[in-house]
Protein chains: 4
Amino acid sequence: MVVEICSVSGYSDFGKNMTAVKVGNEVILLDMGLHIENYINYTEDEDFVKVKADELIEENAAPNISFIDDWKELVKGIIISHVHLDHVGAVPYLAGRFDAPVICTPFTSEVIKNILQSEKIKMPNKVEVVQVNGKKDIGKIKVELLNMTHSTPETTAIVLHTPDGPIVYMTDFKLDATPTLGKKSNLKRLEELGKQGVLALIIDSTNAQDEGKTPSESVAKEMLRDVMASIRGKNNGIIATTFSSHLARLKSILEEGIKMNRKVMFLGRSMSRYINAGESCGIIKFTDKAKVFRYASQIENALKKVAREGKEKYLLVVSGHQAEPESTLSKIVGGSLKYKLDPRDYVIFSCRVIPAPTNRANREHMEKILKKQGVHVFKDIHQSGHGASEDIMEIIDIVKPKHIIPAHGKLSMRAALAEIARERGYDSANVHLVSDGERLEIE
Amino acid sequence: MVVEICSVSGYSDFGKNMTAVKVGNEVILLDMGLHIENYINYTEDEDFVKVKADELIEENAAPNISFIDDWKELVKGIIISHVHLDHVGAVPYLAGRFDAPVICTPFTSEVIKNILQSEKIKMPNKVEVVQVNGKKDIGKIKVELLNMTHSTPETTAIVLHTPDGPIVYMTDFKLDATPTLGKKSNLKRLEELGKQGVLALIIDSTNAQDEGKTPSESVAKEMLRDVMASIRGKNNGIIATTFSSHLARLKSILEEGIKMNRKVMFLGRSMSRYINAGESCGIIKFTDKAKVFRYASQIENALKKVAREGKEKYLLVVSGHQAEPESTLSKIVGGSLKYKLDPRDYVIFSCRVIPAPTNRANREHMEKILKKQGVHVFKDIHQSGHGASEDIMEIIDIVKPKHIIPAHGKLSMRAALAEIARERGYDSANVHLVSDGERLEIE
Amino acid sequence: MVVEICSVSGYSDFGKNMTAVKVGNEVILLDMGLHIENYINYTEDEDFVKVKADELIEENAAPNISFIDDWKELVKGIIISHVHLDHVGAVPYLAGRFDAPVICTPFTSEVIKNILQSEKIKMPNKVEVVQVNGKKDIGKIKVELLNMTHSTPETTAIVLHTPDGPIVYMTDFKLDATPTLGKKSNLKRLEELGKQGVLALIIDSTNAQDEGKTPSESVAKEMLRDVMASIRGKNNGIIATTFSSHLARLKSILEEGIKMNRKVMFLGRSMSRYINAGESCGIIKFTDKAKVFRYASQIENALKKVAREGKEKYLLVVSGHQAEPESTLSKIVGGSLKYKLDPRDYVIFSCRVIPAPTNRANREHMEKILKKQGVHVFKDIHQSGHGASEDIMEIIDIVKPKHIIPAHGKLSMRAALAEIARERGYDSANVHLVSDGERLEIE
Amino acid sequence: MVVEICSVSGYSDFGKNMTAVKVGNEVILLDMGLHIENYINYTEDEDFVKVKADELIEENAAPNISFIDDWKELVKGIIISHVHLDHVGAVPYLAGRFDAPVICTPFTSEVIKNILQSEKIKMPNKVEVVQVNGKKDIGKIKVELLNMTHSTPETTAIVLHTPDGPIVYMTDFKLDATPTLGKKSNLKRLEELGKQGVLALIIDSTNAQDEGKTPSESVAKEMLRDVMASIRGKNNGIIATTFSSHLARLKSILEEGIKMNRKVMFLGRSMSRYINAGESCGIIKFTDKAKVFRYASQIENALKKVAREGKEKYLLVVSGHQAEPESTLSKIVGGSLKYKLDPRDYVIFSCRVIPAPTNRANREHMEKILKKQGVHVFKDIHQSGHGASEDIMEIIDIVKPKHIIPAHGKLSMRAALAEIARERGYDSANVHLVSDGERLEIE
């Protein structure tokens, strides 16, 4: 039986991932993400808003699903690999176009529900939950969601069992031997599949151009501990910021704050969203040790309390790692939220700058102001969530797929992954550098 | 009839180009080059030496012709596109393995003969000459060699007329509307072929990652004129260096030297080789205006004369643009050739540093010494000979090939060319990112 | 007699240049510029607006003149070296604080008047004109304005003759042996001064980190000619953009347009301002060969005409080289001005991106849209107006000053210039790396 | 009393550090280092050889002591801050020119003795030992050697107590709050001195251009642990390399090796030298857990044993982190030492490439061969030993010196440190960017 793969989106540019796999008369959709930069440029909002799906497609902010118009009636399920917006963000806008359930792990499910509810978006599809490392039948296709380490909890590699062998969809992932939250990647099951004979591997090429392996989250934690330990002197305010969905990092920040005898506050809408979801699923338990403030008025009151009691008693964890203009951090730095920054204070960016021109401009502008205020700034206290060349090599060696389809990135990134495959013995006939909207038949 | 293309070499790394095309029962070889860096690392010599072909193959210095062992008896001709060593350099070592003539333009032919003679290498193959823009039948295949602008004279795009349409092999080239030596690229004939329906285009991806177009040689000439015009003061010695085969550049340097009322001397073995070949073919006429010195003793005498008469009366054009340790320039800078450099002197590198670690180290070391001596240094007075993205786009638009095969470079370079093709409407099924030794069937 | 130099502004950051020199009881101010990026960020306008001087100072957009409060009554003249806004832009805001005339060459004078008039700003100071290479007595100090090549006409080095020898203030400049508009730098007079014994040289360090010399404007012209010559095919629209005050570049663009048999239109407010000033002073004569449109309604009508007659008949020269959001180019690309861009069209950026984060973000965004529309883009068809290390070295060798004060740039740029001075025999005692607001006594 | 400081060497280029301080009629020399790259280029040997001091000076490989010829008779002591060759390496060649003892901590003393002995160099000077954080009178000057964290044990800041207040000489250092070997930097004593009033701070500017703080050695240890933990599969050989004098790093590697149940072998001459010295001083105790092999024949035998028993039982720690041609690692990779590398093996570079062209070329060449052999390579498993801008800022805030003299680096690095000083309130009159050979009077 011929299997057809349509590389709907995320194969020509970085972001808005979506892949469709047709096995016999059934189609499974894998991920349904947003292109965050284009989304924000168009909506001028950093959070979800009501906007028409077709406009998002037109603006290159959501996957162009017209590529699979002829498969529309065959779709049996929409499986989401993990909670990042470039994988799940288009679900509220596009899922309704298909008569099929959204299938994901508990954490992703909680976040989807939270978004739909808080933004009052209606979505007709059912959301079905599969546990990490669990299985489910979708039509005639058996599906497994294997645990992978990444920069947010419950990231999974999706396995579709076809008559010609399993297809493994693994974007995003890293191989972290010592994760600080959650389990290690399920390499054991991947090895079993590898021995059995994998038909195709669709794989994350984000960091394929980087040599070596991506360091463990434990290295990021040690870096964080180190900069915290270096803060001397008195009356320092400390503000940390990172990706709101990166619960492992938030946990490390929380733990360091507690060690320093500071009260920890999490401030911001998205910060609250992911913490709530994480607590609902039993992944973390922050609220017995720290306070979380979601709405503008709550945040204002919290900062008043900080001012009253002394900022040296607190560690603030805020949204705004990319210096997004409407974020809590931007409001503090710009002065519209009351927290007087002075030369004793520290701002810790536990993230990298996502390489889009707007981010760079926003961050440079914010850092300039911080410098003028004399504030100490620590940047890049971070490790990536995407595997580098050694990690990719290891996956290829374990999974031993017949076909390799590099995903997630511009051609230069995907070509770097193809180069790695070549070093492991593959030739161009079995490594497919497909663009958005192409269809590939494999057997 | 199925046409088969074997990407023998130059498709996984930059250098040592070779492609084989099989049409029916006949095979044509296109180019037979050396990987210069690996060649020098192995032979420890910058010029041709007697060394076994198999050792060169083992050291990745020459194409691995074992990929086409089964086609060996079918080879009807070895066509060389132009005189650069990464296209012609392996001819003295490998051509003899095939019972077929070497076919090239007059200038390339002269250089091949010169190498064979001066290094006393015997080659059994006949060398057959085709004029630029001329035609020839090789077995049943009609061949054309179309003029292309590049950084050495008589560079050609090779057209093989197959029953399924012409195959155009175009590495290397740029689109220079105002060349300073020789004719413009034969776009007229390419347009005709394009209308007729080209089966495949094998094309140079060296500069595919660069935006815009590669500037004309006339821009390099103006840059050269500018730095020369800026030299003020008295008693300055001036030394210029560039690629020995770049006769257009040598001509510009010569003309500027004459304008400054300086006597021009060309010094060095390879400098002499290409000037002689150029004069034999009537491409240039330098020796009525300047002196050329080939051998060590001649060069020593010439420099004595310069010392006697005053270095401010001379412009020396020397080999050694990459600071190769045995070059004339290295000997001058190191002091083993007598030419006392002082702070009034100028050294002009009319080239770029070829990005190999040895070159970079050699050049940095030489520049450090020049700086210590106070010598004025002008670098990068140069424009590339390889087309950038706009040039490639134009060729694709004109030739409109059914299949595109990016050649000459690492996968990242070739992927950049594929990206350009994608923007012009091609998809991955017709753009072939093949590696060394693969075979591609097209029809 | 002790001479005191106050490095008011432009010595800690790039932009908003101003220097004060006190000789006996008289003070001369040299330049009075804006920090363009900070100005735009604060005023949210790319042209002059009514805003309070103290706000501009507070926002780091204008020089902090409080550093010379105690010298205020002693100021005898405000000399402006050339017309760039980082040298003249603060005059409308700050000159009125001093009871002294503004002194400059005719072209600068015309532009100042134009700004004051069109923005309806009142300035109490008289504007006095000195011809290029002319002299004038200001109080007891003799002043000369020596012609220097740069990227706008009538750029001058200001010479102040003090009892202890002349002070030469030379920011900005390059050494162009073949300028395409105006005369060469007055090195003859600088040599005379050098022999006489120069007390101090205040000098532009913008490109001190670049090796070699800055290429002539004639190289930029040749690059421009080359990209124009490469435009083939039919029905192409061509739009060029560059710095509005760069009349030499505008002239080259005009000449190339005429060669291509295209009608040339200059569109935009600042474009018009500098062309008018240039024509008033007899520097250029564009309006007999091209049309200039200043106001929004005029521009709209002009573009309607272009649409009617066919864009292939025109070359448009527009403001917006940095993709400033309100510029003519941004309006065309964004669609608010009617000029339908399509894949046959060309946009030529005859400039570099000024390295501020906002510019980079604006340009990347614009180029992304142009790419989506398939428009051909040529970038960096440009050469700098600031001398590189060889040019600086030559000035030091000619002027032989006792003291060197690197100006115009961050410490890293000014340190690079100090490094050059060290190579020419100076030590740290005579090279002064002063910051904004410092005072230096020399004798 | 006027204090004079002569910046003998290390103030114009990176390497060969030496400073002289004259207090009254007594002169103290601080450090006496080699410029390693120039040393190797000249001697063509990576270890100490007999060569004339004057030749080393001529080749810019040793400090030019002629700058202090007139102070020669006044020299009372040569204090060495730590064991790195750019601080101590010229002692065997130049110390004998002065009638004064060499003063240093025990570890440095051991290494000096070892070099003199093994290379059979005679040195007339006495070597006197001061404990870390200890004091000593040299003539009338009281001296303290304060412990600082760096990348080798017993690194000290040298304090000279002059009548006008202490001078603090602090090159090299970082502020590591959690060192993995030895104590933290003695900030307590620096604070006391700061309160007392420090006359001058001579300070390391190596990483002044880097934002933030330099991560702790504990981060490097965690990175090392992480890559080790990622090694899966069977029959892997593992080879690690790092700076031989970096005992903390060697200790981390040793500990990780033991955790993996591998026998650890240290191979190479310099590896042995520093381990012996460290054991003699009681800093480390490696030889009860690992074997150390110094001489070629020992190394050969050790590798034979590894081959017999299986390389998966061993972790080899070898010299050759910069791919120095004569190093143990180069010999293994090149095949002249028997250790067959294959695609299961790992090479870990726990270092950075020192940015000299020869190093880059050597490393690129070695990595190319490793890649061809399919060996897994981990690079840059490292953190610097030099403080970045936040560390420098903290030292300035604590020490509060009257004068700051940036040392150790090109002007651009030292200017970056001056920029930091400016942000902390200093102006150019008290920050001295002196070059090699200058003299500065301070009071």
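Order of the sequence lines sets the chain letters (A, B, ...), proteins ahead of strands, with each chain counted from 1. Bear in mind that the values here come from a model prediction, so they are computed numbers and not experimental data. Because only heavy atoms are used, hydrogens play no part in the values below, and waters and symmetry mates are left out as well, while side chains stay in.
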Original post:
Is the number of heavy atoms from other residues, nucleotides or ligands within 6.0 Å of NE2 (D:His386) greater than 12?
Top reply: yes

**OP:** Name the member of A:Arg424, A:Lys221, A:Met223, A:Arg225 that forms the most heavy-atom pairs with chain D at distances under 4.5 Å.
**Re:** A:Arg225

**OP:** Below 4.5 Å from any heavy atom of chain A, which atoms of D:Leu187 appear? Answer side chain, backbone, both or neither.
**Re:** side chain

Original post:
Between A:Ala177 and D:Ala229, what is the shortest heavy-atom contact and its length?
Top reply: CB-O, 4.2 Å

**OP:** Answer with side chain, backbone, both or neither: which region of D:Ile398 has an atom nearer than 4.5 Å to a non-hydrogen atom of chain A?
**Re:** side chain

**OP:** Provide the closest heavy-atom pair for D:Asp226 versus A:Lys213 in the form atom of the first, atom of the second, distance.
**Re:** OD2-NZ, 3.2 Å

Original post:
Using non-hydrogen atoms only, which part of D:Val219 is less than 4.5 Å away from chain A: side chain, backbone, both, or neither?
Top reply: both

Subject >> Engaged part of D:Lys371 at the chain A interface, taking heavy atoms whose separation is under 4.5 Å >> reply: side chain

Subject >> Contact class of D:Glu217 relative to chain A, heavy atoms under 4.5 angstrom >> reply: neither

**OP:** For A:Ser230 and D:Glu394, work out which heavy atoms get closest and say how close.
**Re:** O-OE1, 4.2 Å

Subject >> Under 4.5 Å from a heavy atom of chain A, the part of D:Ser218 involved >> reply: both

**OP:** Could you pull out the closest heavy-atom pair between A:Glu390 and D:Tyr346, with the gap in Å?
**Re:** OE1-CE2, 4.5 Å

Original post:
Taking every heavy-atom pair that is under 4.5 Å apart, which of A:Leu175, A:Ile381, A:Thr178 has the most such pairs with chain D?
Top reply: A:Thr178

Original post:
Would you find more than 12 non-hydrogen atoms of other residues, nucleotides or ligands less than 6.0 Å from D:Glu211 atom CD?
Top reply: no

